[in-house]
Amino acid sequence: MQYDRTDARILEIVQKNNRLTSEIIGELAGLSATACQRRLKRLRSEGIIEADVSIVSAKAVGRPIQMLVLVSLERERADIIDRFKKAIKSSAEVVNGFYVTGDADFVLYLTARTMEDYELFTRRFFYENPDIKGFKTMVVMDRVKAGFAIPIELPHED
């Protein structure tokens with residue numbers, strides 16, 4: 001996956017606001033709207049742009065409780081890891097899931113309506129899963145920053 005300086009500028013722009021028109025993005029990046037559309041299409045098809053999303057306030061949609069959960073599996077076996085990854089992907093409560101190194105095997109970011117709802121989730125998702133050794137929950141007191149913007153490195157010119 002290769003990108004040039006113009007692509008890098010487009011990526012910076014759409015990470016700040018992906019609702020801008022191709023005309024505006026093109027103008028900011030020094031391109032015509034058509035050229036900008038072509039580049040955006042290529043960046044998406046090559047997987048450089050993975051998704052176009054909106055960041056929704058969990059609190060505003062009735063899920064004010066946010067948690068980070070450290071999960072440890074019983075064994076580090078490929079089938080167990082794959083099964084847990086599948087469970088993460090199919091759970092609506094799990095907003096983000098990461099397979100990590102260190103003391104835990106996974107870090108999950110979850111939301112819940114109430115602590116009672118979270119307790120029911122833990123019974124269903126963690127306690128009923130024999131592959132899970134344990135989990136630790138950290139309740140988020142304040143979301144200081146939310147986003148998906150990645151710093152864009154300018155490509156080296158030969």
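- The two residues A146 and I55 come nearest to each other via the heavy atoms O-CD1, 4.0 Å.
- Annotation: ring pair (Phe, Tyr, Trp, His ring centres under 6.0 Å) contacts involving residues 49-70, sequence neighbours excluded, are absent.
- Within a 6.0 Å sphere centred on CG of D103, heavy atoms belonging to other residues, nucleotides or ligands number 12 at most.
- For the atom pair CZ of F98 and CG of L68, the computed distance is 9.0 Å after rounding to the nearest 0.5 Å.
- Side-chain heavy atoms closer than 4.5 Å link hydrophobic residues (I, L, V, M, F, W, Y) into clusters, and following such links, even through other members, never connects Y99 to Y109.
- The ring pair (Phe, Tyr, Trp, His ring centres under 6.0 Å) pairs that include a residue from residues 13-60 number zero, where partners must be two or more places apart or lie in different chains.
- Within the model, atoms CZ of R113 and CD of E93 stand 10.5 Å from one another, a figure rounded to the nearest 0.5 Å.
- Judged by distance alone, with hydrogens and angles left aside, the side-chain atoms of S91 form no donor-acceptor pair with the main-chain N or O of A87 at under 3.5 Å.
- For residues 54-78, every residue pair satisfying the salt bridge (Lys or Arg N to Asp or Glu O under 4.0 Å) rule, not counting sequence neighbours, is listed here: R77-D79.
- Across L154 and A8, no two heavy atoms sit closer than the pair CD2-CB, 3.8 Å.
- For residues 125-143, the salt bridge (Lys or Arg N to Asp or Glu O under 4.0 Å) pairs, not counting sequence neighbours, are R83-D131.
- Within the structure, ring pair (Phe, Tyr, Trp, His ring centres under 6.0 Å) pairs that include any residue of residues 2-30 do not occur (at least two apart or interchain).
- To the nearest 0.5 angstrom, F106 atom CZ is 6.0 Å from K85 atom NZ.
- I25 approaches C36 most closely through the heavy-atom pair CG2-SG, 3.4 Å.
- Across A58 and T111, no two heavy atoms sit closer than the pair CB-CG2, 3.9 Å.
- A continuous path of hydrophobic side-chain contacts links Y127 to L73 [ILVMFWY only; heavy atoms under 4.5 Å].
- The minimum heavy-atom distance linking G97 with V94 is given by the pair N-CG1, 4.4 Å.
- Nearest heavy atoms, I10 versus A29: CG1-CB, 3.9 Å.
- With rounding to the nearest 0.5 angstrom, the OG1 atom of T137 is 9.5 Å from the CZ atom of F121.
- With values rounded to the nearest 0.5 angstrom, L31 atom CG is found 10.5 Å from S22 atom OG.
- Under a hydrophobic clustering in which Ile, Leu, Val, Met, Phe, Trp and Tyr are joined whenever their side-chain heavy atoms come within less than 4.5 Å, directly or via other members, I80 and V71 fall into the same cluster.
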For a salt bridge (charged side-chain N to carboxylate O under 4.0 Å, His left out) check, start with the C-alpha distance between E12 and K16, then their side-chain angles and the critical distance, and finish with the verdict. CA-CA 7 Å; E12 288 173 342; K16 289 181 183 136; 5.8 Å; no

Decide yes or no on side-chain contact (heavy atoms from CB on, under 4.5 Å) for Y118 and V139, but give the supporting numbers first. CA-CA 11 Å; Y118 178 61; V139 176; over 6 Å; no

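- Applying the salt bridge (Lys or Arg N to Asp or Glu O under 4.0 Å) definition to pairs two or more places apart or across chains, those involving residues 26-43 are D4-R39, D7-R39, D7-R42, R42-E46.
- Considering only heavy atoms from C-beta on, Q15 comes within 4.5 Å of I152 through its side chain.
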Could you walk me through whether L40 and V14 pass the side-chain contact (heavy atoms from CB on, under 4.5 Å) test, one step at a time? CA-CA 10 Å; L40 282 166; V14 297; 4.0 Å; yes

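- Rounding to the nearest 0.5 Å gives a distance of 5.0 Å between CD1 of I88 and CG of L108.
- M67 and V107 are not part of a single hydrophobic cluster, where members link through side-chain heavy atoms under 4.5 Å apart.
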Decide yes or no on side-chain contact (heavy atoms from CB on, under 4.5 Å) for Q66 and V95, but give the supporting numbers first. CA-CA 10 Å; Q66 301 170 73; V95 179; over 6 Å; no

Run the side-chain contact (heavy atoms from CB on, under 4.5 Å) test on R9 and I13 for me, step by step, so that the C-alpha distance in whole Å, both residues' side-chain angles and the decisive distance to 0.1 Å come before the verdict. CA-CA 6 Å; R9 180 70 181 125; I13 294 164; 3.7 Å; yes

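- Grouping the Ile, Leu, Val, Met, Phe, Trp and Tyr side chains by contacts below 4.5 angstrom, directly or via other members, places V100 apart from L110.
- Ring pair F84/F125 is tilted by interplanar angle, where 30° to 60° counts as tilted.
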